[in-house]
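Any value given below was found using the heavy atoms of this structure, including those in side chains, with hydrogens, waters and symmetry copies removed.
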Amino acid sequence: MTAQTAAATPTAPGASPPVAPAAARPSLAGMTRSELAAALEAADVPAREVKMRTAQLFQWIYFHGATDFSAMLNIAKALRARLAELYTLDRPKIAAEQLSADGTRKWLIRMEPTGPLDKGAEIECVYIPESDRGTLCVSSQVGCTLNCTFCHTGTQKLVRNLTHREIVAQLLVARDRLGDFPGRARPDDGGLVPSGEGVRAVSNIVFMGMGEPLYNFDEVRDAIAIMSDGDGLSLSKRRITVSTSGVVPEIERLGAECGTMLAISLHATNDRLRDELVPLNKKYPIDVLLQACRDYPGASNARRITFEYVMLKGVNDTPAEARALVRLLKGIPAKINLIPFNPWPGTKYECSDWATIERFSDIVFDAGYASPVRTPRGRDILAACGQLKSETEKLRARARLMLEQQLALGAD
Ligand code: SAH
Ligand code: SF4
């Protein structure tokens with residue numbers, strides 16, 4: 001770990017220890033408890049104190065959202081200074097923000113470069129406020145190796161896994177921006193962000209941004225452990241949903257090791273069509289996938305599995321397919337989410353007509369599934385999964401201007 005290298009730097013007696021440039025000081029924001037413990041050991045904290053100091057640090061970082069060691073008043077001044085020499089509490093920066101008329105916010109977040117040739121990967125994160133909740137849609141990878149034909153993320157060349165720190169950082173960035181740590185003010189946006197005593201701006205997390213979370217299992221699992229830790233960010237696992245295109249072997253692990261809610265990107269009711277839309281289906285076909293759902297630990301009527309179904313005009317949107325969908329899901333505690341397709345430049349697909357979506361939705365509704373159509377949010381800012389980044393690249397200059405204007409207005 002870089003921290004150990006930094007801690008080992010010899011210091012002349014009496015001289016103030018060298019402060020590494022910020023870039024060389026690792027950030028503690030996003031670290032697990034064991035990483036924080038290692039960081040404290042590297043800062044020469046006596047072994048007998050490490051556990052207690054780790055708990056303090058964890059609470060400062062994740063419960064209070066501390067961005068400065070000087071705020072950590074129950075930690076001795078000398079140790080605070082030592083920590084500040086070795087580490088930062090920096091988060092990745094918001095490179096661009098777009099705010100939709102409905103309050104949906106889309107952020108382009110630039111991660112720290114991983115090496116000299118890396119300019120810093122950019123990922124998207126979307127915040128969707130509703131009256132009783134606020135949902136943050138996080139990314140698990142830069143790009144995606146799976147080429148679902150209707151999804152723009154799959155066409156992006158650069159692919160790498162995000163680390164758990166980078167995944168957790170998305171929540172920290174959102175909470176910073178939304179004034180969602182104790183004692184911070186909500187942005188001045190006319191009340192679009194839920195507020196009030198004890199009301200959280202971010203109450204739910206969905207892994208529905210860029211990437212396939214189950215192809216980055218270990219990092220996603222560690223990020224979920226931090227996000228759901230009751231001493232810090234404290235999000236209930238029932239309010240964290242991991243969406244997968246169907247990586248069957250990891251579905252059981254997700255239930256056993258993370259205990260979150262599960263969403264399946266189904267999109268078709270027969271293998272021929274699903275092979276085309278979601279090529280991973282060739283490896284894990286529908287019957288195998290649905291068996292993994294039946295076996296998902298903890299699934300019950302109170303904890304239903306969400307099945308996502310993107311509405312593609314003339315492709316998968318007939319009444320017969322709606323009936324087939326209902327038949328397929330029989331016996332599985334399920335919710336159905338019909339997603340109006342969000343077109344992107346160059347796609348061969350179109351969104352189904354509204355009347356077609358309604359007819360499809362009526363069949364699903366009559367079979368007992370409540371409000372199955374996901375209301376498109378943030379359409380004015382193209383805030384749909386999979387297509388945000390390239391659009392954002394084009395809109396970046398404009399978005400940056402917007403962000404600057406908002407900051408100048410003192411929005412945060
Ligand atoms: N890789 C995971 C999670 C990210 S995608 C998965 O596939 O489940 C999140 C959801 O957005 C998936 O259901 C995906 O199929 C859907 N999606 C992707 N591109 C879309 C588009 N252009 N319009 C509507 N939904 C889309
Ligand atoms: Fe990847 Fe999901 Fe897009 Fe498919 S839908 S390409 S799995 S992000």
Side-chain angles (χ1 to χ4, degrees), residues 1-92 111-112 114 161-173 175-176 181-183 216-237 240 256-259:
M1 184 174 141
T2 350
Q4 267 146 356
T5 328
T9 312
T11 310
S16 42
V19 176
R25 284 182 289 151
S27 173
L28 301 182
M31 286 193 180
T32 60
R33 281 177 188 270
S34 55
E35 287 169 333
L36 290 177
L40 286 165
E41 278 162 18
D44 302 325
V45 169
R48 62 176 189 285
E49 275 184 33
V50 166
K51 202 169 166 206
M52 185 233 337
R53 297 284 176 219
T54 301
Q56 288 174 327
L57 211 46
F58 192 91
Q59 210 182 23
W60 278 113
I61 297 171
Y62 298 117
F63 179 78
H64 297 285
T67 51
D68 197 327
F69 291 102
S70 62
M72 304 180 174
L73 294 179
N74 57 354
I75 297 180
K77 216 171 169 184
L79 177 56
R80 277 188 264 149
R82 180 80 181 127
L83 290 174
E85 284 156 21
L86 298 175
Y87 310 110
T88 72
L89 293 164
D90 291 351
R91 297 90 155 83
M111 297 302 175
E112 275 297 308
T114 51
N161 282 335
L162 292 176
T163 63
H164 59 272
R165 298 180 202 179
E166 292 170 323
I167 298 170
V168 172
Q170 295 171 59
L171 177 54
L172 297 177
V173 165
R175 287 214 158 145
D176 284 342
F181 283 113
N216 187 16
F217 188 90
D218 291 356
E219 299 297 328
V220 166
R221 177 200 54 210
D222 289 352
I224 290 170
I226 297 171
M227 289 168 167
S228 60
D229 193 304
D231 292 335
L233 293 159
S234 209
L235 274 158
S236 155
K237 288 182 172 182
I240 302 178
E257 295 180 37
C258 302

- [ ] Assess whether atom CZ of Phe63 is packed by more than 12 heavy atoms of other residues, nucleotides or ligands within 6.0 Å.
- [x] no
[X] and [Y]: which non-hydrogen atoms are nearest, and at how many Å?
X: His64; Y: Pro182; value: CA-CD, 4.3 Å
X: Ser228; Y: Lys237; value: OG-CE, 3.4 Å
X: Tyr87; Y: Ala43; value: OH-N, 4.3 Å
X: His164; Y: Ala223; value: CB-N, 3.7 Å
X: Ile61; Y: Ala29; value: CG2-CA, 4.1 Å
X: Leu86; Y: Ala42; value: CD1-O, 4.1 Å

*Show your reasoning for whether side chain to side chain contact (heavy atoms under 4.5 Å, CB included) applies to Phe181 and Leu233.*
CA-CA 9 Å; Phe181 283 113; Leu233 293 159; 4.1 Å; yes
side-chain contact (heavy atoms from CB on, under 4.5 Å) test vs Glu219 passes for just one of Val168, Thr163, Ile224, namely Thr163
Report yes if some heavy atom in the side chain of Ile226 is under 4.5 Å from a heavy atom in the side chain of Leu171; otherwise report no.
no
### Query
Taking side chain as C-beta onward, heavy atoms only, is Arg33 less than 4.5 Å from Asp231?
yes
Is the backbone N or O of [Y] less than 3.5 Å from a side-chain atom of [X], with the two atoms forming a donor-acceptor pair by type?
X: Glu49; Y: Pro46; result: no
X: Arg80; Y: Met72; result: yes
X: Tyr62; Y: Leu57; result: no
X: Arg175; Y: Val173; result: no
X: Asn216; Y: Leu162; result: yes

Roughly how far apart are [X] [atom1] and [Y] [atom2], rounded to 0.5 Å?
X: Met52; Y: Ile75; atom1: CE; atom2: CD1; answer: 9.0 Å
X: Gln59; Y: Asp229; atom1: CD; atom2: CG; answer: 10.0 Å
X: Leu172; Y: Glu166; atom1: CG; atom2: CD; answer: 12.5 Å
X: Ile167; Y: Met227; atom1: CD1; atom2: CE; answer: 7.0 Å
X: Leu79; Y: Gln56; atom1: CG; atom2: CD; answer: 8.5 Å
X: Phe58; Y: Leu28; atom1: CZ; atom2: CG; answer: 12.5 Å

